[in-house]
Amino acid sequence: MRHLLDVTDFSVEELYELIRTAEDIAQNKEKYCQSCKGKKLATLFFEPSTRTRLSFEAAMLELGGSVLGFSEASSSSATKGESIRDTVKVVSNYVDIIAMRHPIEGAAFAAVKAADVPVINAGDGGHCHPTQTLADLLTIHRECGSLTGLTIGLCGDLKYGRTVHSLINAMSRYAGNKFVLISPSELALPSYMKDFMKAERLEYVETTDMDRYMSQLDVLYMTRVQKERFDDEKEYMRVKDCYILDNKKLAGAKKSLRILHPLPRVNEIACEVDSDPRAAYFRQTLNGKLMRMALILKLLREKDMPYNARKSEVHKDLNCPNPKCVTKTERELEKEFIFSDGEYRCAYCDCYVKNR
Ligand code: CP
């Protein structure tokens with residue numbers, strides 16, 4: 001059946017279809033209020049969330065369905081050592097669709113392998129966050145009028161920022177987009193993502209200077225430095241306040257610039273920016289709910305279609321080099337890899353297996 005592990009699971013046409021559905025839902029709320037009557041969504045959140053969990057729950061309720069689940073690992077049997085595999089297998093007996101967030105990279109693909117209902121990746125460690133990207137796509141489409149020909153600045157934590165990785169994947173599929181990667185060197189985009197950008201021949205520059213490209217940007221995607229992903233607190237303290245967007249910094253920016261942020265914000269955008277019409281981050285949260293409604297409808301409608309987005313194969317002799325990969329923690333998970341452009345990469349966390 002169909003699942004959503006990353007935005008690349010959907011074709012460009014399917015993403016436009018989701019945008020069209022979300023726009024229709026926004027205009028005709030009543031038309032959809034019984035669409036999921038009798039259907040249940042499980043929200044399995046092994047990691048904290050405000051927007052993703054609550055917007056999924058609001059989405060299902062507004063579609064006439066119901067929701068059940070947990071909001072922290074400590075209230076689930078994960079604390080007793082239950083695997084992702086067993087949890088998902090069991091929950092598949094209770095619901096029609098699952099949205100899962102987990103701190104371990106590649107956890108979503110591990111869930112897909114066990115599930116008997118569609119699984120939506122609501123964030124798996126520093127890997128991907130595709131439904132945030134759906135919110136981002138609708139926001140860019142609504143605010144900029146197009147998904148093509150844009151100069152997109154991504155600022156802050158590009159290393160651990162899973163929303164950044166998913167957004168680059170998504171925007172790389174639309175013609176003429178350029179990327180400005182703004183981060184301290186410690187939080188630069190991971191090499192597997194840069195390998196991907198080079199392979200796709202994407203135009204990008206890396207800089208530590210937030211001001212340098214400000215006047216060229218159509219979209220500025222700010223991100224939080226994610227304390228919870230650091231192994232070393234001293235390193236976090238060194239970089240945590242590296243970029244703070246305020247009115248002064250915006251002085252030279254285009255009038256048509258749109259500022260996005262997946263939220264939560266800590267202090268990387270000064271509150272004075274909130275009243276600037278270019279600040280789109282609170283509108284983005286509403287768009288997230290609309291796209292999650294469109295997504296639930298699509299996956300339930302297409303649940304009998306085969307899932308073949310990850311063309312992976314089992315390789316017992318290969319190991320994923322990522323220490324945060326789910327294959328390091330989940331019992332009895334077959335090691336699966338995707339072969340493309342002469343390289344193997346882990347089917348769970350997308351880490352390239354170099355030096356094998
Ligand atoms: N953007 C986002 O994922 O927010 P939450 O962590 O609150 O769900």
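Hydrogens, waters and symmetry mates are skipped; everything else that's a heavy atom, side chains included, is used. The model shown is predicted, which means the values in this text are computed figures rather than measured ones.
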Qualifying salt bridge (Lys or Arg N to Asp or Glu O under 4.0 Å) pairs, either residue in residues 15-36, two or more places apart: Glu13-Arg20, Glu17-Lys298, Glu17-Arg301, Glu23-Arg142, Asp24-Lys31, Lys29-Glu62
Listed partners of Lys159 passing salt bridge (Lys or Arg N to Asp or Glu O under 4.0 Å), at least two apart: none
Centroid-centroid distance, Tyr174 to Tyr16, less than 6.0 Å: yes
Note, Phe45 side chain near Thr52 side chain (heavy atom, < 4.5 Å): yes
Test log, rule side chain to side chain donor-acceptor pair (under 3.5 Å), inputs Asn322 and Tyr348: CA-CA 10 Å; Asn322 176 5; Tyr348 296 88; over 6 Å; no
Side-chain H-bond candidate by donor/acceptor type, Arg224 with His261, under 3.5 Å: no
Cationic N near anionic O, under 4.0 Å, Asp246 to Lys248: no
CA sep, side-chain torsions, deciding dist, call: Val326, Asp124, side-chain contact (heavy atoms from CB on, under 4.5 Å): CA-CA 9 Å; Val326 69; Asp124 57 342; over 6 Å; no
Which donor-acceptor pairs under 3.5 Å do side chains of residues 63-75 form with protein atoms, sequence neighbours excluded?
{"residue": "Glu72", "atom": "OE1", "partner": "Ser74", "partner atom": "OG", "Å": "3.3"}
{"residue": "Ser75", "atom": "OG", "partner": "Glu72", "partner atom": "O", "Å": "3.0"}

Verdict with supporting geometry, Gln284 and Thr139, side chain to side chain donor-acceptor pair (under 3.5 Å): CA-CA 6 Å; Gln284 195 178 349; Thr139 305; 5.1 Å; no
Lys254: partners by salt bridge (Lys or Arg N to Asp or Glu O under 4.0 Å), with sequence neighbours left out: Asp218
Let me have the donor-acceptor pairs involving side chains of residues 185-192, under 3.5 Å, with sequence neighbours excluded, atom names and distances please.
none

SB check Arg2 Glu14 (cutoff 4.0 Å): yes
Salt bridge (Lys or Arg N to Asp or Glu O under 4.0 Å) pairs, two or more places apart, involving residues 73-99: Lys89-Asp116
